[in-house]
Amino acid sequence: MASGNEGQKIEADRLAPMPLSERKGFPVLLTLRLIAFFATASATIVMALNKERKALVVATIGSTPVEATLSAKFQDTPAFVFFVVANAMASLHNLLMMALETFGDSFDCKGMRLIVIAILDMMTVVLASGADGAAVFMADLGKNGNTHARWNKICDKFETYCDQGGGALIASSVGLLLLLLITALSIMRLLKPNPKPIPHNNNLVTIP
Amino acid sequence: MMKSTMSLVLRLLALVSTAVAVAIMLKSHDSTLVLGITFDAKYSHSPALQYFVIAEGIGGIYSLVSLLLSRWTSSRHFVYLMDVVVAMLLSSSVSAALAIAYVGKKGESHAGWLPICKQVPRFCNEATGSLAAGFLAALLYMVLVLCCIRSLYALKP
């Protein structure tokens, strides 16, 4: 019977995803992604350029001080390397998702687009939060030291290094908060059913 | 319901994992005598390990609460959102503790920080076990959020 076929076609139209750029709330998500992209990208760049060289007195022989040039770089600490890499990945993810939502409506994702975006957002936020946590506690160790383990603080000698690192951490925290909001919005988009079907083939229903 | 069984099992495993992590870290203690000075190692000496214990505790309590709440399907969507937040919390806590543990084991030559694991080996081993349990809990929560997203996708009309 032909009506079975028509019923299937109407059902397939109802299941077809609405173009993302027409959904309600699309400008909000795009603005959040843009700000998160700038926050994570600036955290990456500021930490990657974090370097300070200083001539310090390390010993005194007789009455002449022995000076050595010590340098503090971000590569010395694995936590900061992880921070730079994870924030770079988070900003790249935001850029790709912005491009996908704006220009990628013609790609046929077989209805998987929303779920893939939600899963990728969730993974990015978990990665970025790990990087942020590790970097914050390493910075706290550098700033306050740890008397029980006999680890001295280094921020009194390398002030510019510490200040720049702190700025990168603040930017990364802002980006992390925004990423969490974006993930929540992406998951909530999965909850709402399609607002209206796409009126492509509205001449299929024939009245017998 | 296959999916809700799997999410219940994952929550139970995560609860056990976080409880084990907190218990081992609270119990870990070692002390040694170096040049007449007693060198003591506990989790409370380091803010990162304190944050680890508190965050795993919050994760464990949340696992228990959500195990009970998942009986009422009306609050299911709120539970999914809180799962993401708790996954973030667990991941950041285990990352922070791992960063400090790495400094404790290998030292940081550029900053002049010496490794301490040679002096307090028992504390280091116990902390390693606790961190492994915490890492497992964070992984389980990530799989749990994937399960939640999958079950939401099946709901789409």
Side-chain angles (χ1 to χ4, degrees), chain A residues 14-15 17 70-73 75-80 82-83 86 111-112 114-116 118-119 121-123 125-138 140-142 144-154 157-158 176 179-180 183-184 186-194, chain B residues 34 37 39-42 44-52 55 76-77 80-85 87-100 102-104 106-116 119-120 138-139 141-142 145-146 148-157:
Chain A
R14 212 164 58 81
L15 283 176
L70 294 176
S71 72
K73 309 190 283 280
Q75 298 105 316
D76 296 340
T77 319
F80 288 153
F82 178 40
F83 178 82
M112 299 270 288
L114 284 178
I115 185 174
V116 165
I119 289 177
D121 273 338
M122 186 271 291
M123 296 206 166
V125 89
V126 167
L127 184 73
S129 81
D132 200 28
V136 160
F137 279 98
M138 280 308 289
D140 171 72
L141 189 63
N144 299 327
N146 194 336
T147 48
H148 302 278
R150 312 280 189 271
W151 292 333
N152 299 324
K153 58 180 155 181
I154 62 166
K157 299 192 195 62
F158 293 97
L176 184 70
L179 271 172
L180 182 62
T183 307
S186 295
I187 293 182
M188 275 183 1
R189 275 200 306 192
L190 283 171
L191 291 172
K192 293 187 174 53
N194 268 327
Chain B
V34 171
I37 310 172
F39 196 44
D40 208 21
K42 282 203 306 243
S44 54
H45 288 328
S46 158
L49 295 181
Q50 285 173 336
Y51 174 57
F52 177 71
R76 207 174 28 176
H77 303 320
Y80 291 162
L81 288 179
M82 286 303 291
D83 275 343
V84 175
V85 173
M88 244 181 69
L89 184 71
L90 287 182
S91 144
S92 93
S93 76
V94 86
S95 265
L98 269 174
I100 302 296
Y102 184 86
V103 176
K106 302 268 175 69
E108 174 72 49
S109 53
H110 300 273
W113 295 333
L114 301 172
I116 61 165
Q119 279 96 3
V120 282
L139 223 75
Y141 256 93
M142 275 186 65
V145 177
L146 283 178
C148 296
I149 295 180
R150 175 80 179 87
S151 77
L152 277 179
Y153 179 64
L155 273 181
K156 259 178 71 96

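Just so you know, these numbers use all the heavy atoms, side chains as well, and skip hydrogens, waters and symmetry mates.
With chain B as partner, the option from A184(A), G133(A), A134(A), G145(A) having the largest number of non-hydrogen pairs under 4.5 angstrom is A134(A). The greatest number of non-hydrogen atom pairs below 4.5 Å with chain A, out of A48(B), A41(B), G107(B), is found for A48(B). Chain A forms the most heavy-atom pairs under 4.5 Å with one residue out of P47(B), A87(B), S109(B), and that residue is P47(B).
Contact annotation for S46(B): both backbone and side-chain heavy atoms come within less than 4.5 Å of a heavy atom of chain A. Neither the backbone nor the side chain of L70(A) has a heavy atom closer than 4.5 Å to any heavy atom of chain B. The contact between L114(B) and chain A is made entirely by backbone atoms, counting heavy-atom distances below 4.5 Å. With a 4.5 Å cut-off on non-hydrogen atoms, T77(A) touches chain B through its backbone and its side chain both. Using a 4.5 Å cut-off between heavy atoms, Y80(B) does not touch chain A at all. Only the side chain of A79(A) comes within contact range of chain B, with at least one heavy atom under 4.5 Å from a heavy atom of that chain. Looking at V103(B), the atoms closer than 4.5 Å to chain A (heavy atoms on both sides) sit in the backbone and in the side chain alike. Using a 4.5 Å cut-off between heavy atoms, L81(B) contacts chain A through its side chain alone, with no backbone atom that close.
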Between D40(B) and H148(A), does the side chain to side chain contact (heavy atoms under 4.5 Å, CB included) criterion hold? Intermediate values first, please.
CA-CA 7 Å; D40(B) 208 21; H148(A) 302 278; over 6 Å; no
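In terms of heavy atoms, I154(A) sits closest to A111(B) at CG2-CB, 4.0 Å. The nearest pair of heavy atoms linking F82(A) to S95(B) is CE2-OG, 4.0 Å.
To the nearest 0.5 angstrom, L152(B) atom CG is 11.5 Å from M188(A) atom CE. Rounding to the nearest 0.5 Å gives a distance of 9.5 Å between CH2 of W113(B) and CG of N146(A). Atom-to-atom distance recorded for F158(A):CZ and H110(B):NE2 is 11.0 Å, nearest 0.5 angstrom.
Applying the salt bridge (charged side-chain N to carboxylate O under 4.0 Å, His left out) test to D132(A) and every residue at least two apart in sequence or in another chain returns nothing. Evaluation of the ring-ring contact (aromatic ring centres under 6.0 Å, His included) rule for Y102(B) yields no partner, not counting sequence neighbours.
The closest side-chain heavy-atom distance from I100(B) to M138(A) is below 4.5 Å. Looking only at side-chain heavy atoms (C-beta outward), L146(B) and M123(A) come within less than 4.5 Å of each other.
Side-chain atoms of S129(A) come within 3.5 Å of backbone N or O of M88(B) as a donor-acceptor pair.
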